[in-house]
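Computed from a predicted model, the values in this text were never measured in an experiment. Whatever order the structure lists them in is the order used to number ligands and atoms, beginning at 1.
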Amino acid sequence: KPLALPGAHVVVTGGSSGIGKCIAIECYKQGAFITLVARNEDKLLQAKKEIEKHSINDKQVVLCISVDVSQDYNQVENVIKQAQEKLGPVDMLVNCAGMAVSGKFEDLEVSTFERLMSINYLGSVYPSRAVITTMKERRVGRIVFVSSQAGQLGLFGFTAYSASKFAIRGLAEALQMEVKPYNVYITVAYPPDTDTPGFAEENRTKPLETRLISETTSVCKPEQVAKQIVKDAIVVTMGLFRTIALFYLGSFDSIVRRCMMQREKSEIANKTA
Ligand SMILES: NC(=O)C1=CN([C@@H]2O[C@H](COP(=O)(O)OP(=O)(O)OC[C@H]3O[C@@H](n4cnc5c(N)ncnc54)[C@H](OP(=O)(O)O)[C@@H]3O)[C@@H](O)[C@H]2O)C=CC1
Ligand SMILES: CCCCCCCCCCCCCCCC(=O)[C@@H](N)CO
């Protein structure tokens with residue numbers, strides 16, 4: 001049941017920096033082929049070089065693709081197609097491209113709400129939408145969403161950011177119910193503050209309250225966060241809340257399975273008729 005990473009094709013959006021880069025390194029160390037997706041080409045090439053130092057055999061490849069995952073769905077679909085032509089169907093997609101902006105509600109530009117929703121939410125929808133059909137057909141696949149602790153708790157200064165990270169959770173849970181009968185598994189990570197270039201950037205404009213709240217917990221290393229995310233994606237286990245919801249979800253899953261079998265039966269009937 002665990003996904004075998006050796007030889008697998010892993011796509012990491014936001015793979016040129018911070019947590020995403022560490023996730024790519026972690027998968028590469030376990031024998032995966034990697035596609036890095038981000039906008040800046042220099043950062044992509046830098047990351048590729050760094051990742052390649054960790055190779056475990058001479059067949060492994062790191063492919064770089066420069067695209068904005070939040071702008072145009074067709075563009076995202078095209079680059080995923082290119083990646084699949086070069087490295088085969090995607091076994092695991094990690095949606096890690098994202099950013100944080102903090103500030104009091106009335107101080108944040110309205111455009112910031114749109115931008116964070118685009119990058120953090122739609123930027124996870126588009127790549128996932130581009131890989132899901134093939135994953136369902138192959139009955140193989142993992143999709144990882146990187147939310148945040150601020151995607152479980154609404155915190156001072158994060159009105160725009162928290163909303164975009166809560167949205168990811170709704171998407172992930174609904175999608176999991178759809179794709180479970182096809183052996184595709186969805187996981188969501190809720191990392192705490194992590195020492196990355198993105199975190200340093202975010203700290204330049206953090207309100208005092210947000211900083212004090214943030215300082216009640218310690219800052220994690222990206223390598224450590226990445227390791228946990230990859231582990232959770234390979235061996236999917238259940239959190240406390242989902243255990244409580246198990247009864248409901250189980251009965252909903254059987255509805256989904258029943259419908260799938262009905263639909264397949266009628267498709268066969270149509271073909272033979
Ligand atoms: N660091 C932290 O404290 C925490 C981070 N997170 C989440 O983890 C994820 C990664 O964060 P972190 O490692 O700190 O971030 P970084 O800023 O270090 O890295 C972000 C990566 O995403 C890419 N990216 C950003 N926007 C786009 C876009 N529109 N299209 C394609 N690629 C894009 C960047 O490359 P480029 O700019 O070249 O496109 C870069 O590779 C984010 O979703 C963040 O919200 C969650 C909890 C805590
Ligand atoms: C069961 C619930 C656990 C309770 C933990 C309480 C933690 C409060 C402090 C959280 C600080 C904010 C984290 C946001 C990180 C983030 O996403 C940005 N750094 C992105 O760059």
S.K.: Closer than 4.0 angstrom: is that true for some heavy atom of T13 and an atom of ligand 1?
M.R.: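 Under 4.0 Å: no for T13.
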S.K.: Under 4.0 Å, counting heavy atoms only: does K21 come that close to any atom of ligand 1?
M.R.: no
S.K.: If you take the nearest heavy atom of each of C96, A24, G18, S118, which one is closest to atom 10 (C) of ligand 1?
M.R.: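 The option holding the nearest heavy atom is C96.
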S.K.: Out of curiosity, is A150 lining ligand 1, as in a heavy atom under 4.0 Å away?
M.R.: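 Contact absent.
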S.K.: I want to know if ligand 2 touches D193 in the polar sense, i.e. an N/O pair below 3.5 angstrom.
M.R.: yes
S.K.: Just going by heavy-atom distances, which of E201, E41, R115, R39 is nearest to atom 25 (C) of ligand 1?
M.R.: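 Heavy atom nearest to atom 25 (C) of ligand 1 belongs to R39.
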S.K.: Could you tell me whether ligand 1 has any atom less than 4.0 Å away from a heavy atom of L44?
M.R.: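 Judged by the 4.0 Å heavy-atom criterion, L44 does not count as contacting ligand 1.
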S.K.: Can you tell which of R142, R138, H9 makes a side chain to side chain donor-acceptor pair (under 3.5 Å) with D91?
M.R.: R138
S.K.: Which option out of F156, Y161, F158 puts a heavy atom nearest to atom 20 (C) of ligand 2?
M.R.: Y161
S.K.: Have a look at ligand 2 and work out which part of L155, if any, has a heavy atom under 4.0 Å from it: side chain, backbone, both or neither.
M.R.: side chain
S.K.: Looking only at protein heavy atoms, which one is nearest to atom 46 (C) of ligand 1, and how far off is it?
M.R.: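 For atom 46 (C) of ligand 1, the nearest protein heavy atom comes out as S147 O, 3.2 Å.
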S.K.: Suppose I only count heavy atoms of F199 and a 4.0 Å limit; which atoms of ligand 2 are within that range?
M.R.: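 It comes down to these atoms of ligand 2: 19 (N).
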S.K.: Measuring from atom 6 (C) of ligand 2, which candidate in N120, L153, T196 has the nearest non-hydrogen atom?
M.R.: L153
S.K.: Quick one: which ligand 1 atoms are inside 4.0 Å of a heavy atom on S70?
M.R.: 29 (N)
S.K.: Just need the protein heavy atom nearest to atom 16 (P) of ligand 1, so name the residue and atom and give the distance.
M.R.: S17 OG, 3.5 Å
S.K.: Which protein non-hydrogen atom lies closest to atom 45 (O) of ligand 1, naming both residue and atom, and how far is it?
M.R.: Y161 OH, 2.8 Å
S.K.: For atom 21 (C) of ligand 1, what's the nearest protein heavy-atom neighbour? Residue, atom name and distance, please.
M.R.: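 Nearest protein contact, heavy atoms only, for atom 21 (C) of ligand 1 is G14 CA, 3.5 Å.
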S.K.: Which protein heavy atom lies closest to atom 31 (C) of ligand 1, and at what distance to 0.1 Å?
M.R.: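 Here the nearest protein heavy atom works out to V67 O, 3.4 Å.
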S.K.: Side chain or backbone, does S148 bring an N or O within less than 3.5 Å of an N or O on ligand 2?
M.R.: yes
S.K.: Quick test: of every protein heavy atom, which one is nearest to atom 13 (O) of ligand 1, and how far off is it to 0.1 Å?
M.R.: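 The closest heavy atom on the protein side is I19 N, 2.8 Å.
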S.K.: Need the ligand 1 atom indices (1-based, order shown) with element for anything under 4.0 Å from a heavy-atom of K43.
M.R.: 35 (O), 36 (P), 37 (O), 38 (O)
S.K.: With no hydrogens and no angle check, do the side chains of Q30 and E26 hold a donor and an acceptor under 3.5 Å apart?
M.R.: yes
S.K.: For Y121 together with Y126, are the ring centres under 6.0 Å from each other?
M.R.: no
S.K.: Students should be able to answer this: which protein heavy-atom is nearest to atom 32 (N) of ligand 1, and at what distance?
M.R.: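 Checked against all protein heavy atoms, atom 32 (N) of ligand 1 sits closest to A38 CA, 3.5 Å.
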S.K.: Using protein heavy atoms only, decide if any is under 4.0 Å from atom 14 (C) of ligand 2.
M.R.: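 For atom 14 (C) of ligand 2 the answer is yes, since some protein heavy atom falls inside 4.0 Å.
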S.K.: Please tell me if the side chains of I255 and R258 come closer than 4.5 Å, counting only heavy atoms from C-beta onward.
M.R.: yes
S.K.: Would one find an N or O of K165, backbone or side chain, under 3.5 Å from an N or O of ligand 1?
M.R.: yes
S.K.: Can you pull out the closest protein heavy atom to atom 3 (O) of ligand 1? Residue, atom name and distance to 0.1 Å, please.
M.R.: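 Scanning the protein heavy atoms, the shortest distance from atom 3 (O) of ligand 1 goes to T194 N, 2.8 Å.
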S.K.: Below 4.0 Å from ligand 2: does a non-hydrogen atom of Q152 turn up there or not?
M.R.: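 Distance cut 4.0 Å: Q152 fails for ligand 2.
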S.K.: Which of the numbered atoms in ligand 2 are below 4.0 angstrom from a heavy atom of A100?
M.R.: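 Near A100, the atoms of ligand 2 are 20 (C), 21 (O).
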S.K.: Compute the shortest N/O to N/O distance between S214 and ligand 2 and return yes if it is under 3.5 Å, no if not.
M.R.: no
S.K.: Which protein heavy atom lies closest to atom 21 (O) of ligand 2, and at what distance to 0.1 Å?
M.R.: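 Result for atom 21 (O) of ligand 2: E202 OE1, 2.4 Å.
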S.K.: Return the option from G198, G20, G98, A97 holding the heavy atom at the smallest distance from atom 20 (C) of ligand 1.
M.R.: G98
S.K.: Should you measure from each heavy atom of P192, which atoms of ligand 1 turn up under 4.0 Å away?
M.R.: 3 (O), 47 (C), 48 (C)
